[in-house]
Amino acid sequence: MSRARQPPLVTGISPNEGTSWTKVTIRGENLGTGPADLIGLSICGHNCLLTAEWMSASKIVCRVGPAKDDKGEIIVTTKSGGHGTSTVSFKLLKAEKIGILDQSAVWGHTHTHTIKTDTGKIPLKDLEGMFPGVSGDFTSENFSATWYLIENHSATSFDQLRQAASNLKKQATTKNEGSLAYVKGGLSTFFEAQDALAAIHQRLESDGTERVEGSMTQRLENILNRASDTADTLFQEVLGRKDKADSTRNALNVLQRFKFLFNLPLNIERNIQKGDYDVVINDYEKAKSLFGNTEVPVFKKVYAEVETRIGALRSLLLDKLLETPSTLHDQKRYIRYLSDLHAPGDPAWQCISAQHKWILGLMQNCREEFINDPRGESALDLDGDTRASALGRIRDTASLKRGVSLRSQRPNTWDHEAPQQVQFVEKLSDVVIGQLPNFWKLWISYVNGSLFSETGEKSGQVEKSKKNARQRQNDFKKMIEEVTHRLVKLVRGALLPSTLTEPELKLYGGWERKSGLTGPWLTQVIHTVRIIFEALVALEIPNDLLQVIQDLLLELRHNCLLVTLQHTKEDVRSLADKEDWVVDNEGVTSLPARFEQRMVQTLQSLKEPMETKPGEERRAGSLRVSRDTPSHPPLHCVCLNRFPTLLSRPLTCVSVCAWCIDSMSVDLVSPDLFSGVQEDFCPTPEQRLLIILSNCQHLEKHTFLNLAEHFERHGFTGTDKITQVSVQAVKELDESLFDNYIERKSDPIVGSLEPGIYAGYFDWRDCSTPTGVRNYLKEALVNIITVHAEVFTVCKELVPRVLTRIVDGVAEEMSRLMQCVSSFSKNGAIQVLAQTHTHTMGSFKQALEALPQLHSGADRKLLEELLNTFKSSMQLQLTCFQPSSVQPVKR
């Protein structure tokens with residue numbers, strides 16, 4: 001594009017003063033590139049363009065018109081430089097009448113003395129008051145010499161007035177004497193002419209009496225007629241050629257003088273083909289001002305041809321204006337051309353209506369393109385799940401700039417990975433962001449009248465446009481509403497079909513064959529819709545026209561939240577299938593860490609849907625009611641209500657992991673119980689229960705606390721309730737699983753006590769002297785040690801809790817059995833005391849109260865020896881119950 005030229009500058013004019021129709025030469029800078037570029041010239045406020053003759057970029061010749069202002073600037077206007085300025089001025093002189101005492105330019109040999117009139121005259125009102133009924137005009141019947149002298153020669157001395165009067169008398173005398181002398185000098189000539197005429201008269205009278213061959217005058221007439229005919233014969237061809245040459249010369253002069261008009265139709269055609277519409281419009285305006293009202297037939301005929309060509313140009317420009325697609329610059333240019341050509345109707349509004357229909361058609365075509373696309377859904381990644389890979393891709397994608405095409409920053413595999421609904425929304429956003437801003441700017445230009453040139457401003461088209469815009473504000477508002485509603489309904493049809501009515505589904509639905517979107521893809525859609533909203537807000541479109549987009553965003557966020565939480569729930573439930581039962585040094589498997597990781601991913605994916613951007617502060621009641629869902633709660637309520645359920649999902653996962661426990665039984669004394677220490681570890685159901693208990697303990701003490709910190713870090717409030725509910729659910733599951741494990745381990749031990757006591761028909765009232773602790777008690781102790789070893793192998797922290805419950809169970813059973821014995825012998829009492837002496841629990845104390853007391857020193861000594869012997873023989877077994885810093889072997 002060429003650089004814009006500087007405005008014209010007038011630096012000189014010669015002459016710088018004169019009367020009307022004075023020929024002047026204007027000099028300056030940037031006075032135009034040619035005659036066609038000069039579109040305006042005014043001197044003292046009078047338009048002198050018709051008399052202007054462009055000589056060069058620094059010189060113009062013209063004639064000064066009858067301006068109203070006595071002094072003014074010289075303003076030159078060109079198409080290339082616009083409205084110019086002037087550093088000089090021109091003084092317009094007015095012609096004055098010459099008075100009787102004023103000096104005038106006459107030819108003569110005598111020198112006359114005259115006096116000049118006064119420049120400072122007495123006001124006319126004062127003279128009328130001094131001389132009522134008379135006038136100072138020497139041509140008037142009521143002429144007053146006194147008035148004339150006071151008005152014109154109040155400062156002239158008396159001697160000057162007397163000298164002027166003498167001059168007037170001399171002039172009058174000279175005039176009279178000259179006329180008389182002229183008559184005297186030509187008097188003889190007059191007499192001679194009179195005598196010649198008298199002689200001719202007498203000769204004619206005498207000839208009139210003769211009848212021979214007619215009178216002399218008749219013969220003279222005949223001679224003259226023959227001479228005339230002979231002359232005509234001789235010079236007819238010459239005179240004909242002369243007349244033809246004169247006609248040709250006159251025609252050429254007319255053509256040369258008015259060649260602009262005669263060449264205009266051809267020039268219009270050529271300039272139209274070259275696209276120089278500005279030149280065509282300028283020539284047309286010039287021809288219209290010169291020949292628009294002409295009565296000359298030839299001019300009218302040529303001007304009619306010009307109007308025909310201009311009419312064809314109007315149709316061509318209107319077709320180009322309504323052609324789509326087109327840029328905003330071209331639209332404004334064509335509208336300006338049509339306004340300068342005085343096209344009928346309102347081209348600007350016609351363009352706005354055409355653009356509106358075109359944008360609606362583009363949006364609807366986007367839907368048809370994707371609905372009729374036979375391609376399948378997005379390809380799965382290597383693991384068969386697109387959600388994780390999509391989440392990573394969206395997280396790594398840079399935020400898009402406003403107004404930039406969304407597709408330009410996508411990877412090459414975007415079209416193959418993204419679901420068609422997502423691609424549809426993004427292409428829809430390209431249409432809206434690419435076309436609606438220009439549509440809105442065109443309307444703003446239409447409202448403020450910036451679509452028109454200076455010619456349009458002078459002709460009042462700007463005010464007419466503003467008036468039309470005020471009358472059509474409601475119509476344009478309906479256009480914007482139709483575009484935004486069409487956008488929202490198309491997005492709803494693809495993502496929220498349940499919010500549309502049946503007739504709307506036929507127009508905007510049709511996505512039933514496409515699979516539903518996951519949370520990350522819905523997040524991408526929300527991001528895209530937000531870009532559309534921000535782009536339209538940047539145009540300063542009224543908020544009431546964008547309200548439907550805000551409502552759509554709120555519903556998309558709500559739907560994204562529900563879908564994301566539902567998928568998270570399913571993923572957490574599926575974690576049980578990935579349990580490998582391999583514990584770390586704390587007795588915890590990878591299941592709690594996987595659960596925590598999945599929950600953190602969910603919180604990260606919900607960051608954008610949960611975030612409320614400026615302009616999205618809406619009440620929950622603004623959500624559209626779906627046909628399937630009666631109402632929608634606020635987004636934060638949905639999260640707070642759903643997350644306790646999600647946090648309790650690992651309990652279901654843990655329960656699934658322990659599915660086989662109820663259907664299997666274990667021989668606690670089996671030598672193959674701890675074969676899992678080998679490399680190929682396969683935990684038994686009881687070991688799995690211990691692992692699950694360890695995981696529950698880790699969830700309660702670590703995982704839930706970490707998740708609470710993540711909740712707060714992501715802006716969630718009220719997480720104390722979520723943590724309390726989750727911890728309570730874990731505790732309930734822990735108690736249930738712990739009771740199940742204790743029941744499996746404690747019942748065999750407790751159940752073996754009574755048969756062991758009465759083996760061999762043992763009787764407490766008739767038994768031999770005790771020699772040591774009986775075998776059934778040793779067997780119970782070994783079984784407890786076996787449980788201790790199993791628990792210690794999985795989780796050392798569970799040992800006190802498990803052994804306390806098992807020992808309590810054994811103690812309660814022993815107390816019950818002892819209380820069931822009616823009486824003891826001395827030896828039976830010693831035997832019981834040897835077996836229960838180390839226990840101090842309440843159940844044993846109650847049982848010992850029913851035993852007879854040992855008063856003999858020998859009996860007490862025997863009891864002590866039995867206890868020492870038992871401790872010595874079972875020293876290795878009792879060492880298992882001592883605290884140890886040795887870490888268990890982990891699998």
Side-chain angles (χ1 to χ4, degrees), residues 4-95 256-261 263-264 267-268 271 276-294 299 303 306 336 339-342 452-461:
R5 296 180 60 88
Q6 297 294 328
L9 176 63
V10 176
T11 59
I13 183 170
S14 178
N16 60 1
E17 64 179 10
T19 60
S20 299
W21 308 113
T22 300
K23 188 175 183 179
V24 297
T25 300
I26 300 171
R27 298 189 180 274
E29 302 174 358
N30 303 318
L31 300 183
T33 59
D37 193 38
L38 182 63
I39 61 175
L41 174 59
S42 63
I43 300 177
C44 298
H46 180 75
N47 187 2
C48 303
L49 181 62
L50 294 179
T51 63
E53 183 179 0
W54 186 88
M55 308 299 293
S56 67
S58 60
K59 180 179 178 181
I60 297 175
V61 177
C62 71
R63 290 188 179 274
V64 181
K68 296 181 180 179
D69 300 332
D70 295 339
K71 189 174 184 181
E73 294 182 341
I74 302 93
I75 303 300
V76 177
T77 305
T78 64
K79 291 190 293 185
S80 59
H83 195 71
T85 57
S86 174
T87 60
V88 297
S89 60
F90 182 84
K91 182 178 181 182
L92 182 64
L93 302 178
K94 295 185 178 180
Q256 182 65 24
R257 183 178 180 183
F258 301 101
K259 65 179 180 179
F260 165 74
L261 178 63
N263 293 335
L264 187 56
N267 290 337
I268 289 177
N271 290 326
D276 294 337
Y277 303 121
D278 290 313
V279 177
V280 175
I281 294 173
N282 183 63
D283 291 345
Y284 173 66
E285 289 293 335
K286 187 175 180 180
K288 185 177 181 180
S289 63
L290 295 175
F291 306 100
N293 298 322
T294 183
F299 292 165
Y303 185 75
V306 171
R336 186 175 67 253
S339 67
D340 291 343
L341 292 175
H342 307 284
F452 306 99
S453 61
E454 283 188 22
T455 305
E457 294 178 1
K458 294 179 181 179
S459 62
Q461 288 184 346

Trainee: Would you compute the distance between atom CD1 of Ile75 and atom OG of Ser86 and round it to the nearest 0.5 angstrom?
Mentor: 5.5 Å
Trainee: Let's go through Lys79 and Val279 carefully: what are the C-alpha distance in whole Å and the side-chain angles of both, what is the deciding distance for side-chain contact (heavy atoms from CB on, under 4.5 Å) to 0.1 Å, and is it a yes or a no?
Mentor: CA-CA 9 Å; Lys79 291 190 293 185; Val279 177; 3.9 Å; yes
Trainee: Taking side-chain contact (heavy atoms from CB on, under 4.5 Å) as the definition, give me every residue that meets it alongside Leu92, ordered by chain and number, with sequence neighbours left out.
Mentor: Ser20, Val64, Ala67, Phe90
Trainee: Compare all side-chain heavy atoms of Ile26 with those of Val61 and state whether any distance is below 4.5 angstrom.
Mentor: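 Side-chain contact under 4.5 Å: no.
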Trainee: Could you check Asn282, Thr78, Thr77 and say which one makes a side chain to side chain contact (heavy atoms under 4.5 Å, CB included) with Asp37?
Mentor: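 It is Thr78, the one option of Asn282, Thr78, Thr77 that forms the side chain to side chain contact (heavy atoms under 4.5 Å, CB included) with Asp37.
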Trainee: Please identify each residue that fulfils side-chain contact (heavy atoms from CB on, under 4.5 Å) with Ser14, with sequence neighbours left out.
Mentor: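 None.
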Trainee: Kindly give the heavy-atom pair with the smallest separation between Phe260 and Asp283, and that separation in Å.
Mentor: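 Scanning both residues, the minimum pair turns out to be CZ-O, 3.4 Å.
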Trainee: Do Val76 and Thr85 touch side chain to side chain, with heavy atoms closer than 4.5 Å?
Mentor: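 Counting from C-beta outward, Val76 and Thr85 never come under 4.5 Å.
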Trainee: Taking all atoms of both residues into account, what is the closest heavy-atom pair of Trp54 and Pro35, and its distance?
Mentor: CE3-CD, 3.7 Å
Trainee: Who pairs with Asn16 by side-chain contact (heavy atoms from CB on, under 4.5 Å), at least two apart in sequence or on another chain?
Mentor: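 Checked Asn16 against side-chain contact (heavy atoms from CB on, under 4.5 Å); matches are Ile13.
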Trainee: Distance from Ser58 atom OG to Leu9 atom CG, nearest 0.5 Å?
Mentor: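 Answer rounded to 0.5 Å: 12.0 Å.
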Trainee: Would you compute the distance between atom CG of Leu41 and atom CD of Glu53 and round it to the nearest 0.5 angstrom?
Mentor: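 Interatomic distance, Leu41 CG to Glu53 CD, rounded to 0.5 Å: 12.5 Å.
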Trainee: Provide the closest heavy-atom pair for Pro15 versus Lys23 in the form atom of the first, atom of the second, distance.
Mentor: CD-O, 3.7 Å
Trainee: Is there side-chain contact between Leu261 and Leu290, with at least one heavy-atom pair below 4.5 Å?
Mentor: no
Trainee: So do the side chains of Ile281 and Leu341 get within less than 4.5 Å of each other, counting heavy atoms only?
Mentor: yes
Trainee: Not counting sequence neighbours, which residues clear side-chain contact (heavy atoms from CB on, under 4.5 Å) with Glu17? List them please.
Mentor: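 Lys91, Leu93.
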Trainee: Show your working on side-chain contact (heavy atoms from CB on, under 4.5 Å) between Ile74 and Val88 and close with a plain yes or no.
Mentor: CA-CA 7 Å; Ile74 302 93; Val88 297; 4.1 Å; yes
Trainee: With sequence neighbours excluded, what pairs up with Tyr284 under the ring pair (Phe, Tyr, Trp, His ring centres under 6.0 Å) test?
Mentor: none
Trainee: Begin from the C-alpha positions of His342 and Lys288 and carry the test side-chain contact (heavy atoms from CB on, under 4.5 Å) through to its verdict.
Mentor: CA-CA 12 Å; His342 307 284; Lys288 185 177 181 180; 3.8 Å; yes
Trainee: To the nearest 0.5 Å, how far apart are NZ in Lys71 and OG in Ser89?
Mentor: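 Taking NZ in Lys71 and OG in Ser89, the distance rounds to 4.0 Å.
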Trainee: Looking at the rings of Tyr303 and Phe291, which for Trp means the six-membered one, are their centres under 6.0 Å apart?
Mentor: no
Trainee: Give the minimum heavy-atom separation between Leu31 and Pro8, together with the two atoms involved.
Mentor: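 The answer is CD2-CB, 4.2 Å.
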Trainee: How long is the gap from CD1 on Ile60 to CE on Met55, to the nearest 0.5 Å?
Mentor: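 The CE atom of Met55 is 10.5 Å from CD1 of Ile60, to the nearest 0.5 Å.
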Trainee: Just distance, no hydrogens or angles: give the donor-acceptor pairs under 3.5 Å from side chains in residues 42-52, sequence neighbours left out.
Mentor:
from  : atom 1 : to    : atom 2 : distance (Å)
Asn47 : OD1    : Leu49 : N      : 3.0
Thr51 : OG1    : Cys48 : O      : 3.2
Thr51 : OG1    : Arg63 : N      : 3.4
Thr51 : OG1    : Arg63 : O      : 3.3

